[in-house]
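A short worksheet on the structure shown next.
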Number of protein chains: 2
Amino acid sequence: MNYQNLLSSINVTFDSLNKSEKKVAGAILDDPEAATRSSIAILAKKAGVSEPSVNRFCKRFDTAGFPDFKLKLAQCLVSGVKFVNSNVQLNDNVFKYTPKIFDNAIHDLVAIKNQIDSSIIEKVVDQLLKARRIFFFGLGTSGAVARDAENKFFRFDLPVSFHVDVLTMRMLSAAAKPGDLFFMISHTGRTKAIIDATDDARGNGAIVVGLTTPGSMLAKKSDLAIEVLVSENTEEYMAMTSRIVHLVILDVLATGFILSKGPEFLNHMEKINLSLKPTRYKQ
Amino acid sequence: MNYQNLLSSINVTFDSLNKSEKKVAGAILDDPEAATRSSIAILAKKAGVSEPSVNRFCKRFDTAGFPDFKLKLAQCLVSGVKFVNSNVQLNDNVFKYTPKIFDNAIHDLVAIKNQIDSSIIEKVVDQLLKARRIFFFGLGTSGAVARDAENKFFRFDLPVSFHVDVLTMRMLSAAAKPGDLFFMISHTGRTKAIIDATDDARGNGAIVVGLTTPGSMLAKKSDLAIEVLVSENTEEYMAMTSRIVHLVILDVLATGFILSKGPEFLNHMEKINLSLKPTRYKQ
DNA sequence: GCATATTTTGTAATAAAATTACATAAATTA
DNA sequence: TAATTTATGTAATTTTATTACAAAATATGC
């Protein structure tokens, strides 16, 4: 757990806490600064629970105990990530909206980090390792994510491409074969072209991985779905945090892929990195 | 005494401390991070003094006692402290590397949020509002960022395009005119094609904004530079956090643009969002 | 240089705080 | 509704920090 965001973590996991843990969380969120200055007895009293309940609460958040928890809480207060009232307002000036946009992204990354099902990640990495070919499909915002994914995965010594053209998507999924992996990126998970391609590709025996919102059509139709639930309020001003989270998840998958390939694979990648040298001015 | 500078306070006043206080100061300065995790007994032993000497040392630095001292020491370490254990290791399994990748992204977003110069953001927003045309240039990873930027800014009712082709870049910058805004995205800030285009575009009276690393060639040559310093250790496994930060900064710029346009501009954007409805299955 | 005051430091006792073990209560499941 | 699991509190224990006081060490004045 990242101590820079202990507060966000508490906030994010609040609903999954049990009764007395919720009381403790409430007492801390009510005035985190005061919590760092309290003894376990004082905080227990404020929360209306016993001292061991506070202690158990601390351990649940991966801290060694109450003193360690206070320390990390104090540290996360320094960085000052706000998690409430982080919505951009019409009359915000640059000093107000800038940290808010950052906070939204940070908050959602913390949330997904805590929610993500690593066993799904593991399964997807396995499929990526097995795949004969990989296609990344995405439209609109997710098109940029697909492009970024291709920019990473093409280094992996197997045929990788990304597609943002619905006609090409149709043709490729119609011609899908076992051994192909179609990686579908769609925040809504309802984009017709993506869903149609999913049906076609699976019908032809290819594996489909969906990166999408929980319970969406795409999530249901994919062989493996990586489900990402982000805050709803970021779309109005187009600071869609879902794509940020998607990119980080693709980083995770790429990392898993490289680690599975073993250390000598890093040489192969270094060769690719070195190829860029002549494109840059020396400094 | 300001607890944000507790460490430097210890450093500065070192000479005026008495013998055992010097020993304590030495033990803390030697490894401040470890000090925050020690009990008073352990630190006393390390310093070779008695426990009350440590306690007196703490009180000399205007803290309530040892626990309070540790808290404030931990807080003053936050800004500088590196994520020592957040680097992916070769033998990490999925449950280890997944949170690490997230933590790296989160850490850098928090860092940049606290460092970013909002007045530069404001100036860039002003230029975006004034621009007659906007070009986003980026190569490789930054190409995906440029594409994402275009996907946002094309909604703003002015000619916007992104380019990932160096020949097109040359032609466009050669044909640049006053009123044009060239938005250059380059993490290294040394990519030849981008630097050359920057020179050409500025020579022709266009405004150039650079999104790059501090002090880079691009930063120096741009009219306005948004400088982003991220951790160095994320490139080996290609989880480049710089692009994540770049995307969030483009979100900030887009938000600034929309807010400056006023509330009626949201209607225009809503129209664009509604246009996507027929492309999706109902759920 | 020696007696006296002052400061520094440690020992031991005390107090405070946190943690653990265990028992009871609540909630869930069959 | 009984059995099982989970959640929670009480009380004992342990750890940790602080205080009071005495002994050194150092400094000061004669």
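A note on names: the letters A, B, ... follow the listed sequences, proteins ahead of strands, and every chain is numbered from 1.
In this structure, B:Ile40 atom CD1 and C:dA15 atom C1' are separated by 14 Å, rounded to whole Å. Rounded to a whole Å, the CZ atom of A:Phe69 is 12 Å from the P atom of C:dT19. Rounded to whole angstrom, the span from the CG atom of B:Asn18 across to the P atom of C:dT6 amounts to 18 Å. For A:Lys59 and C:dT19, the NZ to P distance is 6 Å, given to the nearest whole Å. If you measure from atom CG of B:Leu17 to atom C1' of C:dT8, you get 13 Å, rounded to the nearest angstrom. With rounding to whole Å, B:Glu21 atom CD is found 11 Å from C:dT9 atom C1'. For B:Lys22 and D:dA25, the NZ to P distance is 18 Å, given to the nearest whole Å.
In this structure, A:Glu21 does not pair ionically with A:Arg56, as no charged nitrogen and carboxylate oxygen lie closer than 4.0 Å. Here B:Asp30 pairs with B:Lys46 in a salt bridge; the nearest charged N to carboxylate O distance falls below 4.0 Å. In this structure, A:Asp126 does not pair ionically with A:Lys130, as no charged nitrogen and carboxylate oxygen lie closer than 4.0 Å. We find that A:Asp251 and B:Arg243 are joined by a salt bridge, their nearest charged nitrogen and carboxylate oxygen being less than 4.0 Å apart.
Nearest to the side-chain atoms of B:Phe66 among the listed nucleotides D:dA25, C:dA17, D:dA17 stands D:dA17.
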>> I'd like to know whether B:Gln75 forms a side chain to side chain contact (heavy atoms under 4.5 Å, CB included) with A:Leu71, so could you lay out the CA-CA distance, the side-chain angles of the two residues, the decisive distance to 0.1 Å, and finally the verdict.
In response: CA-CA 8 Å; B:Gln75 287 188 312; A:Leu71 208 83; over 6 Å; no

> Checking side chain to side chain contact (heavy atoms under 4.5 Å, CB included) for the pair A:Lys100/A:Gln89: CA distance, chi angles, key distance, verdict?
Replying inline: CA-CA 10 Å; A:Lys100 282 183 181 180; A:Gln89 304 292 319; 3.8 Å; yes

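Using a 4.5 Å heavy-atom threshold, the side chains of B:Phe102 and A:Ile249 count as touching.
Projected onto DNA chain D by closest heavy-atom contact, A:Ser20 and B:Pro67 fall at different nucleotides, the more 5' of which corresponds to A:Ser20.
Across all strands, A:Lys23 comes closer than 4.0 Å to no nucleic acid atom at all (heavy-atom distances).
Taking side-chain N and O atoms only, B:Lys19 has no distance below 4.0 Å to OP1 or OP2 of C:dG10.
Contacts between residues 45-57 of chain B and DNA chain C, defined by a heavy-atom separation below 4.0 Å, involve B:Val49, B:Ser50, B:Pro52, B:Ser53, B:Arg56, listed by number.
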